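Not measured: the values here are computed from a predicted model. When a ligand or atom number is given, it counts from 1 through the structure's own listing order.
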Amino acid sequence: MTVMNRNTAATAQAAAGAHTLQQRYQALLEGQHESSAAWLAAQLAGAAQLPDDLPDAPSRLPAWSAAHAAKVAAGYAEYLEQRRQGAPRRFFANRAHALWFLQQVAPTKAVDGAWLHSTLQHWRDPRFHGLIRTYLEELGNGDPRCNHVLIYQRLLGRLGCTEAMPLDDTRYLQGTLQLALGRHGDDYLPEVIGYNLGYEQPPLHLLITTYELAELGIDGQYFQLHVTIDNAASGHAQLSIQALRQLCPQHDRQAFYARVRCGYRLNDLGIAAPDLIRQFDLQAELFAALERKRVYGQFMHADRCRLQQRTINQWLAEPGAIPAFVGALQAQGWIRRGQSPADSRWWSLIDGPAAVMFGVFNAYEKQLWHDWIADDWRPHIRRVAPGSWGLPNAQGALSDSLAGDDPATLIERMAGNRHATPDGLLATRAYIRTTGLLQEEPR
Ligand SMILES: [Fe+2]
Ligand SMILES: [Fe+2]
């Protein structure tokens with residue numbers, strides 16, 4: 001439902017103004033939100049011009065959501081059938097491709113749920129309880145094992161993707177929108193409801209991503225979790241429609257719903273996940289990563305290291321020489337593409353604790369090398385069960401003596417930019433106790 005060129009307005013605005021999206025995002029993460037209200041208003045004005053696929057009357061939303069879920073299920077069944085008949089992976093050609101994608105969407109995942117922050121203060125009003133429940137679940141109810149932001153951070157950490165990779169500025173658009181909606185939600189309740197409505201309907205690409213990550217041996221707990229927790233029957237998708245029904249004022253339904261639709265359309269700003277995934281170019285990513293590293297490597301090699309009569313330092317001193325350098329490694333027989341990387345002398349220099357270049361390349365860069373060398377050669381990949389970290393019920397394991405805290409203070413500490421810190425997690429648990437909003441477990 002997203003069209004690629006919809007981000008042009010946002011990009012042009014970012015370029016024209018004093019701030020890039022990344023700067024806005026960073027400022028909001030640091031709790032500075034001075035110009036974000038005007039920026040959000042401009043984004044919504046842009047979204048007002050866009051089409052959407054919502055029904056004309058909110059009363060038809062349950063049927064709309066059910067039809068969406070059925071379409072996703074049918075699309076997924078078709079995907080699985082294609083795979084059963086031997087079709088290749090639809091999204092990720094190799095592991096490097098998947099790691100690249102996980103880093104591209106990291107700015108959004110790092111603020112998962114942020115758009116709902118302002119609902120917390122309405123804990124006395126039962127009409128808000130569905131949205132608050134959604135937000136608390138994004139926060140893992142204050143349990144670091146279940147906090148979505150932390151689950152994603154751990155995933156990137158395990159994959160060695162912790163160095164910030166330079167990203168296109170538009171990668172910061174959705175995260176900035178989410179933080180801004182969370183900050184200004186009091187003025188934009190219908191828009192928050194609409195954004196939430198769009199974000200919480202599980203899309204087909206989520207199912208395919210989950211499946212293919214597991215196939216590539218990557219723990220997809222984060223994605224698997226959203227397949228289940230956002231479900232349309234009883235999950236966040238269902239709560240999002242219920243919230244709209246309960247909070248839509250009787251006297252002004254049309255105007256309220258028109259604003260809901262604008263908020264919904266904010267989901268379509270920027271690039272849709274499947275289009276983003278298609279942008280990956282393995283060789284270009286490898287060369288770009290080497291170019292970034294080149295600057296540091298040009299003085300690090302002894303002069304006896306030579307390749308085609310030039311020292312390694314001479315090769316690396318020259319901007320843009322990476323493709324020729326890699327070509328020379330191939331010509332010299334140090335890299336044999338299309339075979340197991342273990343057959344390449346170059347790979348033995350960079351991989352393994354005893355390798356002479358141990359630690360020069362991070363896990364992501366090594367994966368780029370690995371997959372570029374392997375090319376069409378396919379390793380045997382082990383499937384991991386999604387969610388091997390598990391989602392324990394941990395309320396009992398974490399006890400804090402903060403009951404009685406002032407909710408307003410707790411709420412401030414649970415904002416989208418703070419809830420994943422130890423203090424934010426503590427505040428979340430105290431908030432749940434203070435407000436009595438803990439979901440009881442069956443016993
Ligand atoms: Fe989430
Ligand atoms: Fe959700």
| message | Donor-acceptor check, side chain of Tyr25 to backbone of Thr108, threshold 3.5 angstrom: yes or no? | response | no
| Do His117 and His419 have ring centroids that are under 6.0 Å from one another? | no
| query | Can any side-chain N or O of Arg89 pair as donor or acceptor with the backbone N or O of Glu212 at less than 3.5 Å? | reply | no
| query | Considering only N, O or S atoms, which atom of Glu200 is nearest to the Fe ion (ligand 2)? | reply | OE1
| What distance separates Ser340 OG from Trp347 CH2, expressed to the nearest 0.5 Å? | 9.5 Å
| query | Given His97 and Phe101, is the ring-ring contact (aromatic ring centres under 6.0 Å, His included) satisfied, shown in steps? | reply | CA-CA 6 Å; His97 192 174; Phe101 171 71; 8.3 Å; no
| task | Just jot down the salt bridge (Lys or Arg N to Asp or Glu O under 4.0 Å) partners of Asp376, sequence neighbours excluded, or say none. | result | none
| query | In the shown structure, where waters are left out, how many protein N, O or S atoms lie under 2.8 Å from the Fe ion (ligand 1)? | reply | 4
